[in-house]
Protein chains: 4
Amino acid sequence: MGKIKVGILGATGSVGQRFVQLLEGHPWFEFGALFASERSAGKRYKEVAKWFLPYEMPEEAAETVVKSMDEIGASDNDVAIMFSALPGPVASKVEKSCAQAGYVVSSNVAVHRMEKDVPLVIPEVNADHLALIEVQKSMRGWDGFIITNPNCSAIMLTLSLKPLMGYGIKEVRVSTMQAVSGAGYEGVPSMAILDNVIPFIDREEDKMESEPRKILGTLEGSEVKNAQFTVCASCHRVMVMDGHTEAVWVKFEESVSVDEVKKAFKNFSSDLKTPFAPEKPIILREERNRPQPKLDRDAGSGMSVSVGRVREGRMKDEIKYIVMGHNTIRGAAGASIVNAEVLVQRGYI
Amino acid sequence: MGKIKVGILGATGSVGQRFVQLLEGHPWFEFGALFASERSAGKRYKEVAKWFLPYEMPEEAAETVVKSMDEIGASDNDVAIMFSALPGPVASKVEKSCAQAGYVVSSNVAVHRMEKDVPLVIPEVNADHLALIEVQKSMRGWDGFIITNPNCSAIMLTLSLKPLMGYGIKEVRVSTMQAVSGAGYEGVPSMAILDNVIPFIDREEDKMESEPRKILGTLEGSEVKNAQFTVCASCHRVMVMDGHTEAVWVKFEESVSVDEVKKAFKNFSSDLKTPFAPEKPIILREERNRPQPKLDRDAGSGMSVSVGRVREGRMKDEIKYIVMGHNTIRGAAGASIVNAEVLVQRGYI
Amino acid sequence: MGKIKVGILGATGSVGQRFVQLLEGHPWFEFGALFASERSAGKRYKEVAKWFLPYEMPEEAAETVVKSMDEIGASDNDVAIMFSALPGPVASKVEKSCAQAGYVVSSNVAVHRMEKDVPLVIPEVNADHLALIEVQKSMRGWDGFIITNPNCSAIMLTLSLKPLMGYGIKEVRVSTMQAVSGAGYEGVPSMAILDNVIPFIDREEDKMESEPRKILGTLEGSEVKNAQFTVCASCHRVMVMDGHTEAVWVKFEESVSVDEVKKAFKNFSSDLKTPFAPEKPIILREERNRPQPKLDRDAGSGMSVSVGRVREGRMKDEIKYIVMGHNTIRGAAGASIVNAEVLVQRGYI
Amino acid sequence: MGKIKVGILGATGSVGQRFVQLLEGHPWFEFGALFASERSAGKRYKEVAKWFLPYEMPEEAAETVVKSMDEIGASDNDVAIMFSALPGPVASKVEKSCAQAGYVVSSNVAVHRMEKDVPLVIPEVNADHLALIEVQKSMRGWDGFIITNPNCSAIMLTLSLKPLMGYGIKEVRVSTMQAVSGAGYEGVPSMAILDNVIPFIDREEDKMESEPRKILGTLEGSEVKNAQFTVCASCHRVMVMDGHTEAVWVKFEESVSVDEVKKAFKNFSSDLKTPFAPEKPIILREERNRPQPKLDRDAGSGMSVSVGRVREGRMKDEIKYIVMGHNTIRGAAGASIVNAEVLVQRGYI
């Protein structure tokens with residue numbers, strides 16, 4: 001059986017390049033089409049992408065002629081899945097018309113994430129939410145559909161909260177130290193971040209405070225009921241290339257020991273058996289100064305998150321720990337890819 | 001009237017160099033003696049200090065012959081104040097024998113900070129705690145005495161909490177992004193921190209969790225009763241030269257508005273009129289992405305802390321904000337100097 | 001006598017901001033007008049400039065309403081000098097029409113530097129070239145005129161070559177390690193330069209290879225005859241905020257000793273007595289690991305260049321050394337300001 | 001046939017860790033013993049090595065009990081090859097006694113490199129110099145022998161010069177921008193290099209000026225006659241983790257075109273077929289801003305060097321270009337390993 005053809009929407013940007021790099025040699029998927037803005041259309045990918053990844057550009061992609069978004073349609077009938085790394089403003093319109101036209105859209109973009117009939121999925125956490133696909137298709141009358149993965153920072157946090165859900169999470173506070181790659185290639189000027197911390201990332205705190213509650217919510221009938229804890233986030237940019245580090249405080253309904261939390265992290269496993277699903281979605285580090293972005297971001301080929309420094313808080317029933325993950329792999333392109341893999345595995349594609 | 005002669009204990013290290021730099025041209029103090037380890041003794045300061053500050057080494061210090069700690073005594077009778085930037089292990093013994101010998105010791109070292117009869121002082125916050133000096137002198141039978149300033153991260157936090165004390169602080173959570181200069185010149189190898197975050201600083205969380213409660217405590221008779229709130233800290237090193245940035249959550253006894261908090265910051269002033277006391281100990285930034293270490297660390301000649309991003313938390317009665325200050329000026333050498341100035345002003349010297 | 005009113009063309013960019021910062025409190029000049037693109041016109045400077053310097057924005061500038069370039073003309077008759085930090089493409093037209101309209105233009109822009117009747121001046125090196133002003137005015141029939149300062153990297157190199165001219169320079173090779181601020185605020189994305197070197201700077205090598213020969217050339221009648229040596233440059237960007245470091249090889253006509261070169265550097269002085277002219281245009285460092293950008297860029301308030309590591313080359317009659325200077329002060333805005341000061345001093349304004 | 005057992009001298013340091021990492025799963029070699037200072041002896045490797053590489057520590061090494069150098073001898077009879085990453089002062093004595101005791105020592109240390117009977121080898125360049133082994137053994141009466149690889153910066157340069165030798169090289173000038181990993185884990189404090197360039201590396205220029213001449217020299221009878229060109233180097237440290245970038249000027253006996261040089265680089269190939277020998281020892285980049293350490297250091301698994309920006313110099317018969325390579329792989333541990341492989345291949349082991 002042949003591979004499934006995939007398209008990449010927004011293929012020249014920072015996350016788009018990650019899609020291109022990660023999809024090279026994928027056992028199930030192959031490049032069908034690369035889409036970018038009008039400006040790049042008609043030129044070969046290698047002519048328009050300012051490639052910045054420390055790997056050679058995949059040859060197949062390099063020679064592909066980039067199409068404009070207007071060209072999506074009949075001609076790409078052999079493409080089944082569209083991965084979306086579009087800038088917010090154009091994403092909504094393009095993703096919708098793709099879904100309407102029958103494509104499966106696996107999107108890394110924020111714009112549809114919180115819509116009631118759009119699955120917001122980390123497959124190790126809430127693959128059951130994919131049931132929303134049927135709701136979405138029937139409500140919207142689309143042939144295709146849209147699924148989304150969370151914001152990069154929210155993914156790391158949510159993955160780490162999942163094994164703790166059984167203990168009754170009440171409040172979560174999280175302070176992030178985020179990598180510059182999260183802002184796109186030209187997002188953070190070196191003059192802004194060199195020898196500096198920027199204690200602000202536009203709309204990031206909102207996403208971190210809302211998305212985990214949907215993902216960890218429960219599917220009841222045709223909708224997801226949000227999880228009942230509260231998240232409060234403070235988001236900051238630091239001079240790191242890849243890897244978001246997050247200091248987390250979790251207050252529980254009642255006392256939970258450090259050992260229980262560690263055990264929960266250690267025992268958390270995934271039964272997904274798809275190419276991008278890491279064997280261990282969560283890796284517990286016992287060293288006193290780990291996880292660190294430079295040392296741990298590539299764990300599980302960038303698809304595992306690492307937790308460490310699990311310790312008692314000073315407040316009642318509170319635990320604090322560090323979680324870190326690769327923001328453009330586990331937190332973006334890799335997240336959309338593993339979502340698409342699960343769709344294939346479960347027969348949605 | 002002549003200037004007061006001061007000595008610097010541990011003059012060649014990172015904080016020691018800051019003392020040397022900041023004391024140049026001080027209107028009240030002048031170099032009396034520079035002390036360092038046996039290894040450096042007998043050589044001129046310029047021969048033994050690996051000077052790394054972006055200022056020329058003060059000429060007077062450069063030519064001073066460094067003494068060993070054993071030489072403290074009769075020969076330095078004209079020195080009145082000893083500033084201490086000693087490494088922990090030697091600090092205790094040397095500081096005590098200095099105090100016993102009649103010197104006033106203004107120490108940046110942690111070792112004596114939490115002792116009951118040792119003032120731990122940020123003069124804009126708790127200058128009244130200097131009353132412990134008499135307790136200390138009479139209890140220990142010393143001619144001199146020791147006063148201390150807090151840990152660098154604790155100073156920023158504590159200064160920012162002071163104006164909020166009237167609203168009833170219940171819980172404080174703080175996540176730090178600390179500069180490499182806080183670890184001393186050779187403390188953080190470039191290979192460790194380049195493109196990285198190190199989510200651990202030895203004993204830092206303990207200090208942040210205990211010192212603010214003493215400083216913001218109330219002097220009752222001859223002792224300080226700790227403030228009644230709890231602090232829980234998570235401490236991290238980032239690739240910044242100078243300036244500790246801290247994300248703070250404050251839970252109050254009852255609801256306090258963002259405007260009230262901002263007003264409290266804005267109205268906080270200092271009536272100290274000494275050379276190193278900043279006109280505004282706290283500067284409120286209204287920009288959405290400030291304070292930043294690179295832009296704000298030198299505010300008030302490095303002696304002001306900057307706060308910003310004051311916003312409502314998601315939890316009940318909680319406010320979050322950012323505080324940032326220069327860790328080797330406001331947070332170390334400058335803190336010891338302003339403490340000594342206040343001693344002079346109040347007649348202790 | 002009142003101060004001279006000055007305008008800044010391109011006031012919101014990286015060099016434009018340096019002009020604003022450096023001109024605050026200038027003893028001879030005061031802000032007359034700030035010009036920027038159409039987009040910023042009509043708004044106050046503080047609303048449109050993404051201020052990134054570690055100083056508070058000068059209040060006077062902050063409140064100034066920015067004008068568009070089209071508004072230059074009659075209304076600014078009280079402005080005498082225009083400092084230009086315009087982007088290349090617009091600079092030519094605007095600078096010319098300013099000069100035609102009677103303004104003195106002191107430009108940091110490359111576009112007119114190599115024109116025969118335009119002085120390219122480092123006043124400590126070739127103030128006599130200002131005689132070209134008369135040539136320019138008469139040839140072009142302008143009331144005003146344009147003078148220029150060299151490219152940032154060329155300034156450091158040329159200043160260091162000046163004291164060696166007497167020994168017969170034959171060949172110069174130079175390898176640069178240039179700061180990110182030289183590319184403008186958004187010029188170098190952090191993703192491009194973090195943990196990296198970029199061994200290419202557009203058109204930089206050309207400038208370094210041509211400008212020094214004009215500056216060190218001799219004025220013969222109404223034109224400058226280029227100096228007779230050859231320069232060959234290799235230009236590279238490194239992760240430094242400010243300060244260009246250059247490794248230089250100078251081959252002489254005949255043997256010159258290290259001591260002679262050091263002496264030439266040490267004895268080089270300036271008789272300019274204007275506010276921005278540094279007392280010592282060249283500072284010789286004898287330490288084996290200096291000059292360094294972080295430690296030496298602010299020497300002489302950023303207007304001195306530092307040389308060091310003067311040593312014999314392995315080739316015949318060759319000396320190698322390091323020169324370093326602040327690229328946006330000595331190498332850009334400060335260079336244009338000191339040029340304007342010398343114009344005032346010599347009666348051109 | 002079983003694998004050959006290897007020992008690592010100085011296994012806990014920066015280069016030592018690279019040996020451990022690179023040798024994991026090597027098809028020909030396996031860990032026999034790890035040696036470090038007295039302090040580490042008797043403990044398991046994972047307890048004493050401050051592991052800093054972004055890979056998990058190889059399990060086999062992790063559990064190995066580290067030995068002190070005094071224990072080298074009878075007990076390690078099954079070890080055939082000693083890779084040496086010892087600090088200079090101890091290297092000489094230990095390496096010699098190893099060679100005397102019959103071990104083959106493949107050393108990354110400078111101390112023996114320039115000795116007449118010690119091969120200094122880059123196998124793609126001068127594998128024929130291995131003939132010195134017999135000279136060494138017979139002159140010194142040793143059972144084993146020492147071979148060495150060049151200094152990290154010298155390797156990149158020398159590899160790039162090799163294909164140009166046919167054109168008659170006369171003079172080489174080289175300016176380096178070297179990574180911090182070259183100085184060892186604690187070699188460059190972050191406070192020294194953050195936002196800085198250090199234009200000095202102890203003894204580096206000497207090595208770059210002497211080693212290439214020996215490597216590119218010709219074996220005549222029992223000795224190597226140095227190549228006849230001169231090298232003049234200026235060495236600088238920049239804030240890059242791995243990858244030394246070098247700007248090179250080569251003056252030829254007579255005119256050589258850019259195209260000829262490019263062709264020479266492109267056609268340079270290696271007939272070594274050992275595990276660590278890269279298919280292409282030299283990769284020519286045609287982009288105008290390559291090679292860059294971040295993008296190109298891992299080319300050929302870190303064993304290829306990348307050249308680019310080949311262009312005409314301004315001086316007669318001169319070409320300039322950039323060469324870049326991974327300093328701890330191609331430039332250190334990988335260099336020693338490929339040397340040992342060639343020894344095996346050619347029957348020396």
Side-chain angles (χ1 to χ4, degrees), chain C residues 170-180 191-202 205 209 230-249 251 287-295 297 308-309 311-316 318 320-324, chain D residues 170-180 191-202 205 209 230-249 251 287-295 297 308-309 311-316 318 320-324:
Chain C
K170 210 168 143 188
E171 296 175 353
V172 176
R173 288 169 187 84
V174 58
S175 172
T176 68
M177 291 161 278
Q178 299 185 224
V180 295
M191 285 187 72
I193 198 69
L194 172 51
D195 188 16
N196 208 7
V197 166
I198 303 174
F200 173 72
I201 301 175
D202 203 13
E205 294 173 0
E209 292 174 352
T230 312
V231 181
C232 189
S234 192
C235 293
H236 322 101
R237 187 79 66 194
V238 294
M239 196 163 59
V240 164
M241 188 69 187
D242 294 306
H244 289 353
T245 308
E246 309 181 4
V248 185
W249 284 261
K251 192 187 235 347
E287 300 89 335
R288 69 181 193 170
N289 62 356
R290 299 280 283 268
Q292 296 177 16
K294 188 156 56 176
L295 300 184
R297 62 193 165 204
R309 299 204 71 217
R311 53 218 196 281
E312 259 187 273
R314 292 266 169 172
M315 280 64 151
K316 198 170 136 33
E318 197 161 295
K320 51 182 172 177
Y321 62 85
I322 306 289
V323 59
M324 199 284 311
Chain D
K170 212 168 140 188
E171 295 176 353
V172 177
R173 288 169 187 84
V174 57
S175 170
T176 69
M177 291 161 279
Q178 300 185 222
V180 295
M191 285 187 72
I193 198 70
L194 171 52
D195 187 16
N196 208 8
V197 166
I198 304 175
F200 173 73
I201 301 175
D202 202 14
E205 294 173 0
E209 293 175 351
T230 313
V231 181
C232 188
S234 192
C235 293
H236 322 101
R237 187 80 64 194
V238 296
M239 195 164 59
V240 165
M241 187 70 187
D242 293 307
H244 289 353
T245 308
E246 308 181 4
V248 184
W249 284 261
K251 192 186 234 350
E287 301 90 334
R288 68 180 191 171
N289 62 358
R290 298 281 282 268
Q292 296 177 17
K294 187 156 57 176
L295 301 184
R297 61 191 165 204
R309 300 203 71 219
R311 54 219 196 279
E312 258 187 274
R314 293 268 169 171
M315 279 65 153
K316 200 170 138 27
E318 196 160 295
K320 51 182 173 178
Y321 62 87
I322 306 288
V323 61
M324 199 283 313

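Chain A is the first sequence line, chain B the second, and so forth, proteins listed ahead of strands; every chain is numbered from 1. Just the heavy atoms: all of them, side chains too, but no hydrogens, waters or symmetry mates, feed the values below.
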(request) State, with a plain yes or no, whether a side-chain heavy atom of Met239(D) is found less than 4.5 Å away from one of Val238(C). (result)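 Sidechains of Val238(C) and Met239(D): no contact.
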
Might you point out which heavy atoms bring [X] and [Y] nearest each other, and give the distance in Å?
{"X": "Pro199(C)", "Y": "Asn289(D)", "result": "CD-O, 3.5 Å"}
{"X": "Ser175(D)", "Y": "Ser175(C)", "result": "OG-OG, 2.9 Å"}
{"X": "Ser234(D)", "Y": "Ala247(C)", "result": "OG-CB, 3.6 Å"}
{"X": "Met177(D)", "Y": "Thr176(C)", "result": "SD-O, 4.4 Å"}
{"X": "Lys294(C)", "Y": "Asn196(D)", "result": "N-OD1, 3.0 Å"}

(message) Between Val180(D), Asp242(D), Leu194(D), who has the most heavy-atom pairs with chain C when the cutoff is under 4.5 Å?
(response)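 Most pairs with chain C among the choices: Leu194(D).
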
(message) Only pairs of heavy atoms separated by less than 4.5 Å count here; which of Ala179(D), Gly308(D), Ala233(D) has the most with chain C?
(response)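 The candidate making the most pairs under 4.5 Å is Ala233(D).
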
(message) As an exercise, state the distance from CZ of Arg297(C) to CG of Asp195(D), rounded to the nearest 0.5 Å.
(response)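 The CG atom of Asp195(D) is 4.0 Å from CZ of Arg297(C), to the nearest 0.5 Å.
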
Report which part of [X] has an atom under 4.5 Å of a heavy atom belonging to chain C: side chain, backbone, both, or neither.
{"X": "Val197(D)", "result": "both"}
{"X": "Asp202(D)", "result": "side chain"}
{"X": "Thr230(D)", "result": "both"}
{"X": "Lys170(D)", "result": "neither"}
{"X": "Arg309(D)", "result": "side chain"}

(request) Count the heavy-atom pairs under 4.5 Å between each of Glu205(C), Arg237(C), Glu171(C) and chain D, then report the option with the highest count. (result)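 Top option by heavy-atom pairs under 4.5 Å: Glu205(C).
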
(message) Please identify, among His236(C), Arg311(C), Met324(C), Met315(C), the residue contributing the most non-hydrogen atom pairs under 4.5 Å to chain D.
(response)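 It is Met315(C).
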
Side chain, backbone, both or neither: which part of [X] has a non-hydrogen atom closer than 4.5 Å to chain D?
{"X": "Lys316(C)", "value": "neither"}
{"X": "Val231(C)", "value": "backbone"}
{"X": "Ile201(C)", "value": "neither"}

(message) According to side-chain hydrogen bond (donor to acceptor under 3.5 Å, both in side chains), who are the partners of Glu209(C), at least two apart in sequence or on a separate chain?
(response)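 Checked Glu209(C) against side-chain hydrogen bond (donor to acceptor under 3.5 Å, both in side chains); matches are Arg314(D), Lys320(D).
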
(message) Checking Glu312(C) now: which residues fulfil side-chain hydrogen bond (donor to acceptor under 3.5 Å, both in side chains) with it, not counting sequence neighbours?
(response)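 Listed in chain order: nothing, the list is empty.
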
